Structures are given as structure tokens and as C-alpha cells.
Amino acid sequence: MTDLWSEALQGLQPRLGVQTFDLWLRPIELQEVVGDCLHLTAPNGFLKEWFETHYLGLVLDQIRSTTTKDFQVKITVVSKPDKESEKVCEKSISGDSKPKTHQEFATKTQIFAPQGLLTRYRFDNFIQGPNNELAASAAWSVAQDPGKRFNPLFIYGGVGLGKTHLLHAIGQQIHQLRPELRIIYQSAEKFTNEFITAVRTNQFNEFHARYRENCDVLLLDDIQFIAGRDRTMDEFFYIFNALYEANKQIVVTSDRPPGDMERMEDRLISRLNWGLVADIKPPDLATRVAILRQKAEANQIFVEDAALFTIAKKVCANVRELEGAFVRVATLSTLRKVSIDDAFISSALENIARTSEQTITVEKIQKVVADYFSVRVSDLKGQRRTRSIARPRMLAMYLCRELSNTSFPEIGQHFGGRDHSTVINACKRVVATQKQEPEMNKIIEQLREHICADNPQIYAWPDVGARKLA
Ligand code: ADP
Ligand code: MG
């Protein structure tokens, strides 16, 4: 039966790609089969939930195709970090009295205070959505198993999208699970200044010791800053090599992918590409609402979901601006002692709204989608139902709803006078297909990029689940 499980997984690997497979399927293990129930284990609750909602159906289909049997599934979380820390305890402490808990361990061995970490940025207040899925899950994974899976982890994306947040979250999590590890968070700018000061004051040995010898986890933020600074690049190159060879975890962020950093040394670019490179895009609408909800809850401010939705629709560019808008609305409403409704939000965010005004039309979306699939716009509006037309039509309707601020009936009108229920069904089908066919996400992503090319601030994606990581 174990064979059947691994065969099923292997059968899915080509379809899902190595990265997805390694992240989400490999960690799930089959323990035993009792009757028609598969007993599986997952290393943490997040992975369990993600596997259940995204991949379990696929795996069961795959098993059904070879056995013609339907299995039930029971997934138990078997916490790997605890196992790891127990292992560390066993390794580090000799004698009979092995510590059994983390706290006991902490009292018996050295704990290193992480350097530079901010406690306000954690996994439990980081909202995951389709825009940051890979980066967030890789960050989580690195935090469970530093130095083992993705090394280095390179996270890139525009300003205010959560790169720094993730870096701190990794540090916090590792410190909790492995307090004996020496963790350094540093911005590349401060790193550069530190290096220059060390050279100037002849304290180069201390600098070396800090980053090469006394560091188990290096979290370096905004590495693009060192591009073009030859000596700093050289120094980082040696630090990287020393840490990498010793299996120490390196996580780096940047505003662009490694290869796009001008004046960055080739040998560094190549190393930064060795592990996993994950991007963060602007958050979709559902994620923006989830972020706002979490901020409201954290600050104990009561705001109706409808109001959060209105704010999220107005501010699309990045999370920092979204937070700014929320604080503005919340503060003004307290000062003026008025409740937060649509009219109030509009006046409070007048200026933001003006810059984010949407100009994407249904016509533009139809044209982009038609070009992409090499069909005619008239086909999208017509009655033919062949798959080669029906699929682009369904996607175009979905993207109209998402990006053009047009109602379901209006969209129906633009597509040959179809009924609004047809448009609603098309949107639902797209969401369902995304779950079954990961390829679909890529297509939508590309279409969205083409459509939004002239409006980078508009990048909404409703109807897909946004979730907390922990
Ligand atoms: P970056 O480093 O990419 O410029 P930051 O990590 O500084 O962005 O994020 C800007 C702000 O937005 C921070 O306050 C951060 O907590 C918040 N933020 C960004 N992404 C998320 C998210 N997915 N969930 C919750 N808060 C987020
Ligand atoms: Mg940052």
C-alpha cells in the first residue's frame, strides 16, 4: 500500500512541478491503511490544511484511477519541529537527565537572543494569499528546518508587500523552535555601514566572527543595496560561502530577482539562485480584506466587513498603503465620533481613491483574452460552445468581474446579452478550476499582468481564499 501511495504521488509530480510537489506533497506521509481509510501524517497544521484543501482530491483521484477504490483519509499532525528540538536536546546534553521540554532545554543550554528581530512581525499575523503563497510557505518551511530545505531562500517583490515582515517572522519562529541558534537580522544598508566601520576602525576580525562564525541564521534585508559596492559584495560573498558550506540558513530579500540586480557580481547572483527564489506580488482583493480584518482585530477596532471591503477596493498598490489608509479611516472616525460607512471612507480616502481610479474596461479585457488564446472578440460574444472558445470566454468574464468594476448583468450584456447567472457560473467555474489545475493560476496571472500593464496599481483577485499562516 505504501507503494500505491508513492506511486500516486509520483504520478502527480510531473503535473504539479517539483517545487509544488516538494513543498506540499512530499512532507505528507502514509502511516497505515485501516480498512478503506488512509492514515496520513503532516508535519504541521498549516501543511495539513493546505494539503487537504488543495491536493488531497488530486491524490485520491490518482489512487482511484489505479485501484478503482475510494478511500477515506485521516490526517494527523506529527510535529516535526518538536522532534527536531528533542534531537537537538539529545545531541547537546549528555548524561541521564535529558530535558523533555523546550523550557527545560533552555535552562540547560545556551540561548542566544536574536539580533535585530522585531516581535511585531510574525507568521500568526501574516496573511497568506495567492500573491505571496510561495514566498510565505517557503519562509514557513525554512523556519521549521533551517539550513535544510531552501538555502538560500531569496524573496523579492515591490515595496510594502511583506518581505521584511516574512524575514522577521522566520527569525521569530526559528528562535522559538531552536533557541540555541544564533540569528541575525540585518538590513543590507546597515550591514554595509557595519563593514565600512569595521574596516575603518580595524575591527575586521570582530565583523568576521559575527557574520561567519557566530551566526547560524542570516536574514539580510534589501540586498539590492550592496549592488555596485564592490568591497561589500566581496565580503558578503565570503560570508555566504562560509555559512552555506556550514549548512547555515541564509534568507535574503530584494526588490527584484537576482538576475535583475544591476551591478551585482555574477558570482553572487549565481549563488543567490542556488536555493529557492520566490516572489511576492501586490495582494488581491480577498487578501487585502483579510489583512484589514486582522489589523482591525489586532487593534480591537470594530469595523463592518463591508467597510473593510470598501477600503480594500480603494487601495490596491501595497500593504503599507493599505495599513496607512486603515489607520487614517480609524483615526478620523474616532476623532469625529462618526461610524465608518461607505460615504465616510470615500471622503477620508479621497486622494487615494483618485490615484487608484480604475480605468480597465470590459473591451480591453476581451481584447487581451482573445489575443492570448488566438480567438476573435466576436467569438467571446458569440454562441459557440467549443472548449477552445468557452474557456477563454469564461476567463474573460471572470477577469471582467475582478478588474473592471462591472456588475454581473453588465458583463452579461457585453458578452452577447447573456444572463447574469451565466456570468456568475463562469466565475465559479474559474475558481473551481484553479483548485484542480494549478496551470490555470499561471494563465490568469499572465492575463492579469497584460490587462493591468498600464494600471499597475490595480491588481485585484476576489473569490479566492486568503488565510493566516499559523
Ligand atoms: P516590504 O519589506 O516588502 O517593503 P514590509 O514587510 O515592511 O514590506 O510590509 C509593510 C507593512 O505591511 C508591514 O507593516 C507589514 O506587517 C504589512 N504586511 C505586508 N504584507 C502583509 C501580509 N501578507 N499580512 C499582514 N501584514 C502584511
Ligand atoms: Mg522591507
Side-chain angles (χ1 to χ4, degrees), residues 46 50 116-143 153-173 184-192 218-227 251-258 260-261 277-299 301 303 308 311-312 314-331 352 456-457 459-462 464-470:
F46 173 65
W50 197 270
L117 280 189
L118 297 173
T119 48
R120 68 172 182 273
Y121 294 142
R122 304 175 309 272
F123 280 119
D124 66 44
N125 62 5
F126 188 86
I127 302 293
Q128 190 180 15
N131 61 309
N132 58 26
E133 182 174 1
L134 181 63
S137 47
W140 174 267
S141 179
V142 156
L153 171 61
F154 188 99
I155 300 174
Y156 74 90
V159 69
L161 296 182
K163 302 181 296 296
T164 299
H165 189 134
L166 275 182
L167 219 46
H168 285 283
I170 294 172
Q172 305 283 351
Q173 181 83 354
I184 301 182
Y185 165 91
Q186 189 61 296
S187 72
E189 185 177 357
K190 286 205 180 130
F191 173 85
T192 306
L218 178 60
L219 310 165
L220 193 68
D221 210 357
D222 291 320
I223 196 173
Q224 75 276 1
F225 185 84
I226 70 168
V251 188
V252 169
T253 70
S254 166
D255 63 351
R256 65 201 72 186
D260 289 1
M261 285 187 286
V277 176
D279 67 334
I280 306 191
K281 290 204 164 60
D284 53 73
L285 184 57
T287 310
R288 297 203 298 277
V289 173
I291 290 172
L292 287 177
R293 192 176 293 130
Q294 184 245 311
K295 301 273 170 218
E297 277 168 17
N299 292 292
I301 301 170
V303 189
L308 298 181
I311 301 173
K314 284 186 190 297
V315 188
C316 323
N318 68 53
V319 183
R320 196 170 290 143
E321 280 188 16
L322 190 67
E323 283 181 345
F326 178 73
V327 170
R328 187 175 160 79
V329 169
T331 313
I352 293 171
Q457 77 276 24
Y459 217 96
W461 191 358
V464 269
R467 60 186 60 231
K468 280 187 180 183
L469 259 178

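Remember, predicted model here, so these are calculated numbers, not experimental data. Both ligands and their constituent atoms are indexed starting at 1 by order of listing. Side chains are part of it too, since the values below use all heavy atoms of this structure and drop only hydrogens, waters and symmetry mates.
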Donor-acceptor contact below 3.5 Å, side chain [X] vs main chain [Y]:
X	Y	answer
R288	V315	yes
K163	G158	yes
D260	P257	no

Looking only at non-hydrogen atoms, find the nearest pair between [X] and [Y] and report the distance.
X	Y	result
A188	D222	CB-O, 3.2 Å
Q294	I127	OE1-CG1, 3.8 Å
R256	Y156	O-CB, 3.5 Å
N131	P283	ND2-CA, 3.3 Å

Within reach of ligand 1, part of [X] (heavy-atom separation under 4.0 Å):
X	value
I291	side chain
E323	side chain
Q128	neither

(message) No waters, cut-off 2.8 Å: how many protein N, O or S atoms are close to the Mg ion (ligand 2)?
(response) 1
How far is [atom] from its nearest protein heavy atom, and which residue and atom is that?
atom	answer
atom 15 (C) of ligand 1	H165 ND1, 3.4 Å
atom 25 (C) of ligand 1	N125 O, 3.3 Å
atom 4 (O) of ligand 1	G160 N, 2.7 Å
atom 3 (O) of ligand 1	K163 NZ, 2.8 Å
atom 26 (N) of ligand 1	K295 NZ, 3.6 Å
atom 2 (O) of ligand 1	T164 OG1, 2.7 Å
atom 21 (C) of ligand 1	F126 CE1, 3.7 Å
atom 7 (O) of ligand 1	R320 NH2, 2.8 Å

Report, in ascending order of atom number, the atoms of ligand 1 lying under 4.0 Å from any heavy atom of [X].
X	result
I127	22 (C), 23 (N), 24 (N), 25 (C)
N132	23 (N)
G158	3 (O)
G162	1 (P), 3 (O), 5 (P), 6 (O), 8 (O), 9 (O), 19 (C), 20 (N)
V159	4 (O)

Got a second to check how far [X]'s [atom1] is from [Y]'s [atom2], nearest 0.5 Å?
X	Y	atom1	atom2	answer
W140	I170	CH2	CD1	11.5 Å
H165	I280	NE2	CD1	10.0 Å
I301	L308	CD1	CG	10.0 Å
I155	L167	CD1	CG	6.5 Å

(request) Using the test ring-ring contact (aromatic ring centres under 6.0 Å, His included), find all partners of F225 that sit at least two apart in sequence or belong to another chain. (result) none
(message) When you compare the side chains of S187 and D221, does any donor N or O come within less than 3.5 Å of an acceptor on the partner?
(response) no
(request) Indicate yes or no: does an N/O atom of V319 lie under 3.5 Å from an N/O atom of ligand 1? (result) no
(message) Ring-plane angle category for H168 and Y121, please: parallel below 30°, perpendicular beyond 60°, tilted otherwise.
(response) tilted
